[in-house]
Amino acid sequence: GAVVSQHPSWVICKSGTSVKIECRSLDFQATTMFWYRQFPKQSLMLMATSNEGSKATYEQGVEKDKFLINHASLTLSTLTVTSAHPEDSSFYICSPCTDTQYFGPGTRLTVL
Amino acid sequence: QKEVEQNSGPLSVPEGAIASLNCTYSDRGSQSFFWYRQYSGKSPELIMSIYSNGDKEDGRFTAQLNKASQYVSLLIRDSQPSDSATYLCAVNGVGNFNKFYFGSGTKLNVKP
């Protein structure tokens with residue numbers, strides 16, 4: 001399966017700060033990357049689809065100006081949570097677009 | 001109506017027993033079906049994929065698909081305490097086969 005890394009694995013920040021999460025595909029080139037969010041005891045919810053060299057596509061209800069996605073290369077996609085608030089505390093997971101969905105290890109964000 | 005539905009559980013089975021996990025989906029056009037295991041605080045890991053009606057076996061795991069009934073299940077034989085986790089069912093989207101919808105997961109407890 002696809003090997004994907006995420007950094008950081010966990011982050012704690014103060015309300016109002018911005019947090020950048022990196023997702024790297026290590027053994028293949030990902031033209032498309034999915035970003036998911038998972039709140040405690042809930043399922044994965046697709047937030048957006050990032051495409052290398054073009055704008056991301058956001059799911060309904062996800063603020064594109066709050067969750068900035070950049071997919072500048074075939075091996076790196078980033079998600080920036082801008083002006084984070086406690087309700088943004090969640091588990092953020094990336095997944096490259098392949099026939100089968102493999103997931104990165106996830107980033108646990110806690111906003112105080 | 002949710003695209004993918006699962007009983008949240010918890011499902012408790014004794015060690016060595018068969019655990020049966022069920023999932024229903026709403027889109028008849030879905031073609032790909034997956035079962036993931038997710039340990040607390042970790043990212044989902046793929047267990048099984050199934051694309052055709054019938055059974056697919058892999059070690060202690062058997063996935064069963066019935067497209068007419070829009071039903072997919074996962075059987076775990078000889079359940080072990082290490083199988084205790086949340087199991088997520090995922091189904092690909094109609095019209096966008098690389099977009100997946102996840103159930104809310106079933107929590108399985110295997111008691112020693």
Side-chain angles (χ1 to χ4, degrees), chain A residues 1-12 21 23-26 28 30-52 56-60 62 79 89-110, chain B residues 1-11 21-27 30-52 56 58 63 72 85-109:
Chain A
V3 180
V4 182
S5 70
Q6 279 185 244
H7 177 80
S9 56
W10 58 271
V11 57
I12 301 173
I21 301 170
C23 175
R24 294 181 185 274
S25 55
L26 302 180
F28 71 103
T31 55
T32 299
M33 190 75 74
F34 297 111
W35 284 95
Y36 290 87
R37 177 169 57 182
Q38 186 178 35
F39 292 108
K41 298 187 178 182
Q42 295 187 25
S43 190
L44 282 76
M45 294 300 295
L46 181 64
M47 297 177 65
T49 303
S50 76
N51 301 293
E52 188 268 336
T57 303
Y58 291 82
E59 295 300 302
Q60 189 173 13
V62 179
L79 168 66
S89 298
S90 188
F91 192 44
Y92 292 87
I93 313 173
C94 64
S95 174
C97 179
T98 60
D99 291 342
T100 303
Q101 285 214 297
Y102 296 96
F103 294 93
T107 297
R108 175 78 58 192
L109 170 63
T110 300
Chain B
Q1 182 184 2
K2 292 182 179 178
E3 288 87 358
V4 183
E5 299 214 38
Q6 294 180 254
N7 188 317
S8 62
L11 172 65
L21 305 164
N22 305 313
C23 171
T24 57
Y25 61 94
S26 60
D27 282 328
S30 295
Q31 299 292 324
S32 305
F33 308 87
F34 305 89
W35 282 100
Y36 290 85
R37 176 175 61 198
Q38 186 175 27
Y39 292 112
S40 180
K42 300 294 185 182
S43 187
E45 55 181 323
L46 180 67
I47 299 175
M48 294 278 290
S49 59
I50 187 167
Y51 307 96
S52 304
K56 179 181 179 182
D58 184 359
V72 58
T86 296
Y87 289 79
L88 302 173
C89 172
V91 177
N92 80 301
V94 178
N96 184 346
F97 294 106
N98 288 319
K99 186 173 179 178
F100 292 80
Y101 296 94
F102 289 83
S104 56
T106 298
K107 185 173 177 58
L108 173 67
N109 292 326

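Throughout, a chain's letter reflects where its sequence line sits, starting with A, and its residues are numbered from 1. A quick note: this is a predicted structure, and the numbers were derived from the prediction, not measured.
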As an exercise, state the distance from CZ of A:R108 to OG of B:S43, rounded to the nearest 0.5 Å.
10.5 Å
Identify the heavy atoms of A:S43 and B:F102 that sit nearest to each other, and give their distance.
OG-CB, 3.3 Å
Which distance, rounded to the nearest 0.5 Å, do you find between the CZ of A:F103 and the OH of B:Y36?
5.0 Å
Pair count under 4.5 Å, heavy atoms only, with chain A: among B:S49, B:G103, B:S40, B:P44, highest is B:P44
Please look at A:I93 and chain B and tell me whether the side chain, the backbone, both or neither of the residue comes under 4.5 angstrom of a heavy atom of that chain.
side chain
Proximity breakdown for B:Q6 and chain A, heavy-atom pairs closer than 4.5 Å:
neither
Options B:T86, B:L46, B:L88, ranked by heavy-atom pairs under 4.5 Å with chain A, top entry:
B:L46
Nearest-0.5 Å distance that lies between atom OH in B:Y101 and atom CG in A:L46
8.0 Å
More than 12 heavy atoms of other residues, nucleotides or ligands under 6.0 Å from CE of A:M45: yes or no?
no
Provide the closest heavy-atom pair for B:G41 versus A:F91 in the form atom of the first, atom of the second, distance.
O-CZ, 3.9 Å
If one checks every heavy atom of A:Q38 against chain B at 4.5 Å, the contacting part turns out to be side chain
